[in-house]
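Read through the structure below, which is laid out as structure tokens, and then see the notes.
Here the structure is a predicted model, which means the values were calculated and not measured. Letters A, B, ... mirror the listed sequences (proteins, then strands); counts begin at 1.
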Number of protein chains: 2
Amino acid sequence: MPRTVDHEERRSMILKAFMAVAAREGLHAVSLRAVAAEAGISLRSVQYYFDTKAGLMQAGLAALEKLSNERVRTRLEALEPSPSARTTLQALFAVALPTDRESRRFHLLWTSYAMLAMTDPEISDRTFVDSPNRLQERIAFILEEGKSSGEFDGALNGELEATILISLIHGLGTAVLVGQQTSESATSSFEHYLDRLAGAKSGNG
Amino acid sequence: MPRTVDHEERRSMILKAFMAVAAREGLHAVSLRAVAAEAGISLRSVQYYFDTKAGLMQAGLAALEKLSNERVRTRLEALEPSPSARTTLQALFAVALPTDRESRRFHLLWTSYAMLAMTDPEISDRTFVDSPNRLQERIAFILEEGKSSGEFDGALNGELEATILISLIHGLGTAVLVGQQTSESATSSFEHYLDRLAGAKSGNG
DNA sequence: TTTTTTATGATACGATTGTACCATAAAAAA
DNA sequence: TTTTTTATGGTACAATCGTATCATAAAAAA
């Protein structure tokens, strides 16, 4: 088996074990030995493919981000052709809500990483600015489309509304994650919000 | 000095050191020795007042919650007598926004604890349900008062709006904490939201 | 076939951690 | 004054961690 082994396949196999350990025991409790045991390989092999623990942690965050992007893309591609702005926003909300185990795992680890990045200089804190920024731009774009199609009022401030929407989505997601809200109550709240957003066609001043 | 020493004063002195270490190095990096060094006392003394690390961690969360409640209370008491619903909501938002160092520290540690509670059974996860629930009830009450005074539409669903408001406040707070939003943009967004909430007096169907 | 490179295992090392134990100074109680 | 209790320091211990080193099986290259 040695020589000619797919490095990327090997790395992603180890990263899968990393995610499992991190989700089960907490990001802070991840150790190279625990990841090795989870993957069924030796400590040395984890070192071989990620060099240091910092390398593994950084790769873990990158993998998390990639996974999230794929989930969003899959969800949006599953929509009917030319979906309405509201349908698209609903899909973005649904994929962000930590309902299934994989989604809950993502939320837990993403937030843990975000907090870690605030004290640990080895974790890039740009990720937690750039990634939400991209989502916010996407939402702003959806809102613009909604304005063009007459679904939303043309006077609606897309940038401001996008900021509110992404914060609301994130806030409701966290509330569901910690168990303060149920998926149902969070969804009703979001739908109610969309109702008013669509209904407030004449703005407020 | 021994015999007759104020235990509560001693504990809160150590907890202050605990907060400092946790905020500077991250909650995961807190050790009994680091707290002892920060407080300028011996490891043994930290053990004496908190017994185990789990005891210290639990006391840390309780202290954090108490600190937050005091901040909210102080802020609300500083308002003019009989403030409008909007003024009260603005104050709640302002105190929740991580602008000053103490507020940023609170947000970082609170969220870190919330994530920790999801994998560590020694940290009570009820805290992260009960505490937001109390805030949500308070917001709902404020909205009811606003409805009575005519500031908000009487048909407004207070429970639903409170859920949205608390999630929005939390979401914007986190966005500011990680640096994705500035305090100014978050504040504009919140004000804009309040505008529409107050303006949508005829509901939406 | 011999040699080199790749991938992996085993393990040792120094550092750090939570916990437990022993000693003792100081104050209160007798 | 003697005795007991409280508060604190010092330290030892076993466990765990990240990292580094040595050895080697296996495959590719020569």
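- In this structure, the CD atom of B:Gln47 is 8 Å from the C1' atom of C:dG18, given to the nearest Å.
- Side-chain to base pairing of A:Arg44 with D:dT21: one donor and one acceptor N or O lie within less than 3.5 Å of each other.
- Nucleotide C:dT17 holds its P atom 14 Å from the CG atom of B:Leu56, rounded to whole Å.
- Ring orientation note: the planes of A:His7 and A:Tyr49 are nearly perpendicular, at an angle over 60° on the 30°/60° scale.
- No side-chain donor from either of B:Ser185 and B:Ser188 sits under 3.5 Å from a side-chain acceptor of the other.
- Within a 6.0 Å sphere centred on CZ of B:Arg104, heavy atoms belonging to other residues, nucleotides or ligands number more than 12.
- One atom, CG of A:Leu43, and another, P of C:dA7, lie 18 Å apart when rounded to the nearest Å.
- Note on B:Ser45: a side-chain N or O is less than 4.0 Å away from OP1 or OP2 of D:dG9.
- If you check C:dG9 for Watson-Crick or wobble pairing at under 3.5 angstrom, you find it paired to D:dC22.
- Sorted by first then second residue, the side-chain hydrogen bond (donor to acceptor under 3.5 Å, both in side chains) pairs that include residues 22-34 of chain B, not counting sequence neighbours, are B:Arg24-B:Glu38.
- Using N1 to N3 plus N6-O4 or O6-N4 for Watson-Crick, or N1-O2 and O6-N3 for G-U wobble, each under 3.5 Å, D:dA29 pairs with C:dT2.
- Remark: C1' of D:dA7 and OH of B:Tyr49 are 6 Å apart, rounded to the nearest angstrom.
- Between the C1' atom of D:dT8 and the CE atom of B:Met13 lies a distance of 12 Å, rounded to the nearest Å.
- Contacts between residues 19-40 of chain A and DNA chain C, counted as heavy-atom distances below 4.0 Å, involve A:Arg33.
- When rounded to the nearest whole Å, the span between CD of A:Glu122 and P of D:dG18 equals 13 Å.
- For the pair B:Lys147 and B:Glu144, the salt-bridge criterion is met [side-chain N within less than 4.0 Å of a carboxylate O].
- A salt bridge links B:Glu77 with B:Arg73: the distance from a Lys NZ or Arg NE/NH1/NH2 to an Asp or Glu carboxylate oxygen falls below 4.0 Å.
- Atoms NZ (A:Lys53) and C1' (D:dG18) sit 8 Å apart, rounded to a whole Å.
- Using a 4.0 Å cut-off between a side-chain N of Lys or Arg and a carboxylate O of Asp or Glu, A:Glu191 and A:Arg86 qualify as a salt bridge.
- Picking from C:dA7, C:dG18, D:dT19 the nucleotide with the shortest atom distance to the side chain of A:His7 gives C:dA7.
- Separating the OH atom of A:Tyr48 from the C1' atom of D:dT24 is a distance of 14 Å, rounded to the nearest angstrom.
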